[in-house]
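Just below is one structure, and these are the notes that go with it.
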Amino acid sequence: KGQSATNTFKHIACIYEDPTGNIWIGTDGSGFCKITFHQIKFRHIAAPKVSLSSNFIKCLYQGEDSLLYIGTFNEGLNILDRHNGKVSVFRNIAGNAASIPSNTISQILPNNDKQLWVATEGGLALYDEKVKRFTTVPFGNKTHYIVNGIFKRKNGDILVSANDTLALITDSPVRKY
């Protein structure tokens, strides 16, 4: 018999299906859980169990490897290595251009070069896992802006909704609409 998630979460903030078919649910205060349908198994994972920086999960994304990217509210980007259980936490460091632009992460998407787009309340950044570095993408003369959402088109272009702007990111410079 499977377990019920009814009483575990009061506020579900995001749902993500990984490449193997597992469902990951991030919550607003109760951590996150993994649901494995082929085994009918439900596993709640709270911050103290895996050293997450926060139980307020805003978004989830799993890359092609064993890394699960966990965007939090006000506590940065957590990267969980599912093979060994280790968590790396990336937070904004004032004055450091290579750090993440904000500690509130709203969305994570892959780009075509095996890097990740990270949408934050402080702007859009491109994360390079190889060098563990963030590059903030400026919009015109703005370097600080709230990114509400990002969407990857079939052709690889990225649409970004930020404040009162819709931007298109292609191989050419950012275009605002």
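Everything numeric here is computed off the predicted structure, so don't read it as measured data. The figures here come from the full heavy-atom set of this structure, side chains too, leaving out hydrogens, waters and symmetry mates.
- Using modelled atom types, one side-chain atom of S161 and one backbone atom of G149 make a donor-acceptor pair closer than 3.5 Å.
- Atom CD1 of residue I100 and atom CG of residue N92 lie 8.0 Å apart, to the nearest 0.5 angstrom.
- Within the 4.5 Å cutoff, the side chain of L124 has heavy atoms near those of the I169 side chain.
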*Begin from the C-alpha positions of F151 and V160 and carry the test side-chain contact (heavy atoms from CB on, under 4.5 Å) through to its verdict.*
CA-CA 7 Å; F151 176 78; V160 182; over 6 Å; no
_Assess the residue pair L168 and I158 against the criterion (side-chain contact (heavy atoms from CB on, under 4.5 Å)); give the C-alpha distance rounded to whole Å, side-chain angles, the decisive distance to 0.1 Å, and a yes or no._
CA-CA 6 Å; L168 176 66; I158 303 291; over 6 Å; no
*Start with the C-alpha distance between L109 and V118, add both sets of side-chain angles, then the distance that settles side-chain contact (heavy atoms from CB on, under 4.5 Å), and finish with yes or no.*
CA-CA 7 Å; L109 283 178; V118 181; over 6 Å; no
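- Relative orientation of the Y127 and F134 rings is tilted, given thresholds of 30° and 60° on the angle between their planes.
- Of all heavy-atom pairs spanning G76 and R91, the tightest one is CA-CG, 4.4 Å.
- The main-chain N or O of T120 is never found under 3.5 Å from a side-chain atom of T104 such that the two would form a donor-acceptor pair.
- Taking CG of D128 as the reference point, atom NZ of K114 lies at 13.0 Å (rounded to 0.5 Å).
- Using modelled atom types, no side-chain atom of N74 and backbone atom of N103 make a donor-acceptor pair closer than 3.5 Å.
- No continuous path of hydrophobic side-chain contacts links F73 to L60 [ILVMFWY only; heavy atoms under 4.5 Å].
- Side chain of Y69 to main chain of C59: no donor-acceptor pair is present (N/O by atom type, distance under 3.5 Å, no hydrogens or angles).
- Contact check on D18 versus R82 returns a salt bridge, with a Lys/Arg side-chain nitrogen under 4.0 Å from an Asp/Glu carboxylate oxygen.
- Atom CG of residue L116 and atom CG of residue N111 lie 7.5 Å apart, to the nearest 0.5 angstrom.
- Rounded to the nearest 0.5 Å, atoms CD1 (I150) and OG (S106) are 7.0 Å apart.
- Counting only distance, with no hydrogens or angles, the side chain of Q62 and the backbone of D65 share a donor-acceptor pair below 3.5 Å.
- Taking the side chain as every heavy atom from C-beta outward, W24 and I57 never approach each other to under 4.5 Å.
- Contact record, N155 with D157: OD1-N, 2.9 Å, taken as the closest heavy-atom pair.
- When all heavy atoms of S54 and F56 are compared, the pair lying nearest together is OG-N, 2.9 Å.
- The shortest heavy-atom contact between K58 and I105 is CB-O, 3.1 Å.
- Between atom CD1 of residue I79 and atom CG of residue L52 there is a gap of 12.0 Å, rounded to the nearest 0.5 Å.
- Distance check: I25 CD1 to E17 CD gives 11.5 Å after rounding to the nearest 0.5 Å.
- No donor-acceptor pair under 3.5 Å is formed between the side chain of N148 and the backbone N or O of A162.
- The closest donor-acceptor contact from the side chain of N78 to the backbone of S53 lies under 3.5 Å.
- For the pair L77 and I108, the minimum side-chain heavy-atom distance is below 4.5 Å.
- G122 and P101 get closest at one heavy-atom pair: O-CB, 3.5 Å.
- Between the side chain of Q107 and the backbone N or O of A119 there is no donor-acceptor pair closer than 3.5 Å.
- Residues L67 and F90 share a single hydrophobic cluster, defined by chaining ILVMFWY side chains whose heavy atoms lie under 4.5 Å apart.
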